[in-house]
Amino acid sequence: MDWNDDGMDDLLVGEHNGHIKYFMAVTPDSLTEMDDLQAAGEDINAGLVSAPAIFDWNGDSKNDLIVGFASPLAGSSIKVYINTGTQGNPELAAGVDVLFAGEPLAAYGCTPCMVDLDQDGLIDIVYGDSPGRIYFCKNIGAVSAPVFDSPEMLETEQGDIALELNTAPYVCDWNDDSYPDIVAGCGERGYIHAFLSPYTTGISSQGQTSNDLTATVLRNPVSSSLGVQLTSADGGELTSAVFSLDGRIVQKLDSRQIQPGSTIQNFSISSHAAGVYILRFSVGNSVSSNLITIIEGAI
């Protein structure tokens with residue numbers, strides 16, 4: 001994760017005492033240990049065994065911090081620390097409980113991962129716990145104000161996922177088929193399990209629609225130029241962004257006004273590593289998402 005927005009991957013590590021260790025990249029292959037992360041001027045320490053993840057919680061294009069705790073000192077097992085500084089120089093406010101269906105989460109050994117698992121354009125929470133299960137918490141809020149539903153235990157065709165102790169999931173495209181898979185470490189023996197999405201899950205290049213907004217990418221793969229046919233029932237201010245498959249925003253596209261009906265819009269795409277990304281459009285409460293493939297030299 002690029003914590004300080006310098007183009008190099010840093011490392012955030014949770015500790016048994018609840019602190020967050022920060023190792024900053026000084027070159028692409030070299031890290032240096034920095035001071036432990038602080039919130040509101042104090043070392044983060046809201047419970048035992050912290051598990052950090054970064055995510056733009058409030059849609060301001062800055063990295064915020066989400067931390068799961070094995071045994072929270074008080075409140076929810078997952079807390080969010082909002083970045084009140086800048087993208088390049090994060091400063092964190094005091095932690096706030098993340099609620100699920102309006103209630104704090106009581107999960108021992110919580111290890112959150114932020115990702116749009118159901119591909120509806122909103123970032124969800126997937127987390128593991130000490131008994132070895134993996135849960136999905138759907139985001140039913142908005143881009144700048146996430147709200148999470150009650151946890152649902154994930155399952156395979158064989159039934160509930162029940163691994164060894166201390167499950168730590170990560171969502172990625174493990175088999176390069178454009179669908180989100182889950183890789184989970186667990187137990188004390190170091191095993192890693194992969195759970196592959198069935199072919200019918202995820203969203204197609206023709207787009208996924210919600211609330212009277214549809215988007216169709218006209219040419220996919222893409223490179224620097226992106227053409228999209230948008231159909232909106234009511235029109236309004238269009239906002240759009242490109243996300244990595246693990247839910248990190250990599251580019252905000254320019255906002256613009258669109259009229260009711262169908263229109264073709266063109267956008268400029270910044271230089272990103274070749275791969276599969278999530279393209280999300282929103283007009284008011286309407287959201288539409290697409291998978292796009294960025295390939296160097298694509299037209």
Side-chain angles (χ1 to χ4, degrees), residues 1 12-20 37 39-40 42-59 63-83 92-120 122-155 159-171 180 182-187 193 195 246-248:
M1 57 185 72
L12 300 183
V13 180
E15 289 197 294
H16 185 273
N17 62 7
H19 290 196
I20 308 292
L37 290 190
E42 301 288 341
D43 287 345
I44 292 175
N45 183 11
L48 296 177
V49 190
S50 55
I54 63 172
F55 167 56
D56 180 9
W57 183 267
N58 52 6
N63 286 333
D64 305 305
L65 186 71
I66 292 85
V67 184
F69 293 96
S71 179
L73 296 177
S76 181
S77 297
I78 300 179
K79 298 182 185 295
V80 58
Y81 299 83
I82 298 298
N83 181 3
L92 300 176
V96 176
D97 286 345
V98 178
L99 303 181
F100 299 84
E103 299 293 334
L105 180 67
Y108 189 79
C110 190
T111 56
C113 173
M114 308 301 299
V115 65
D116 183 9
L117 187 66
D118 58 2
Q119 303 286 270
D120 65 352
L122 297 174
I123 304 302
D124 312 300
I125 291 180
V126 174
Y127 73 86
D129 65 5
S130 287
R133 298 160 299 195
I134 300 177
Y135 290 87
F136 164 65
C137 305
K138 180 177 176 61
N139 187 348
I140 57 175
V143 173
S144 59
V147 176
F148 297 99
D149 209 346
S150 300
E152 298 179 31
M153 188 184 299
L154 293 179
E155 60 181 30
D160 294 340
I161 295 176
L163 306 176
E164 294 181 20
L165 298 175
N166 303 323
T167 305
Y170 179 73
V171 180
I182 295 178
V183 177
C186 65
H193 299 259
F195 300 94
D246 62 358
R248 293 179 294 108

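If you're wondering where the values come from, they're calculated on a predicted model, not measured in any experiment.
Put simply, the side chain of D64 reaches to within 4.5 Å of the side chain of D56, judged on heavy atoms. No side-chain heavy atom of Y81 sits under 4.5 Å from any side-chain heavy atom of L37. The shortest distance between side-chain heavy atoms of I54 and L65 falls below 4.5 Å.
Applying the side-chain contact (heavy atoms from CB on, under 4.5 Å) rule to A94 yields the partners A40; only residues at least two apart in sequence or on another chain are considered. Residues satisfying the side-chain contact (heavy atoms from CB on, under 4.5 Å) criterion with L122, sequence neighbours excluded, are D120, N139, V143.
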| message | Does I78 form a side-chain contact (heavy atoms from CB on, under 4.5 Å) with F100? I'd like the steps, not just the answer. | response | CA-CA 10 Å; I78 300 179; F100 299 84; 3.9 Å; yes
| query | What's the verdict on side-chain contact (heavy atoms from CB on, under 4.5 Å) for L154 and F195, showing C-alpha distance, side-chain angles and the deciding distance? | reply | CA-CA 10 Å; L154 293 179; F195 300 94; over 6 Å; no
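Within the 3.5 Å criterion, the main-chain N or O of L165 finds no donor-acceptor partner in the side chain of S130. Counting only distance, with no hydrogens or angles, the side chain of S76 and the backbone of L99 share no donor-acceptor pair below 3.5 Å.
Atom OG of S71 and atom NE2 of H16 lie 9.0 Å apart (nearest 0.5 Å). Between F55 atom CZ and I125 atom CD1 the span is 8.0 Å, to the nearest 0.5 Å.
Aromatic ring orientation, W57 versus F148: tilted (interplanar angle from 30° to 60°).
What you find for I20 and S50 is that their closest heavy atoms are CD1-OG, 3.4 Å. Residues F69 and G18 share a closest heavy-atom pair of CE2-O, 3.9 Å. Closest heavy-atom contact between A93 and A39: O-CB, 3.3 Å.
No donor-acceptor contact under 3.5 angstrom links the side chains of N58 and S144, judged on distance only.
Each of D124, V183, D116, V126 was evaluated against V171; a single residue qualifies, V126, per the side chain to side chain contact (heavy atoms under 4.5 Å, CB included) test. The only member of I44, I66, V98, D97 that meets side chain to side chain contact (heavy atoms under 4.5 Å, CB included) when paired with K79 is D97.
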Residues 107-115, side-chain donor-acceptor partners within the protein, below 3.5 Å, at least two apart:
from : atom 1 : to   : atom 2 : distance (Å)
T111 : OG1    : G128 : N      : 3.3
T111 : OG1    : G128 : O      : 3.4
T111 : OG1    : T167 : O      : 2.8

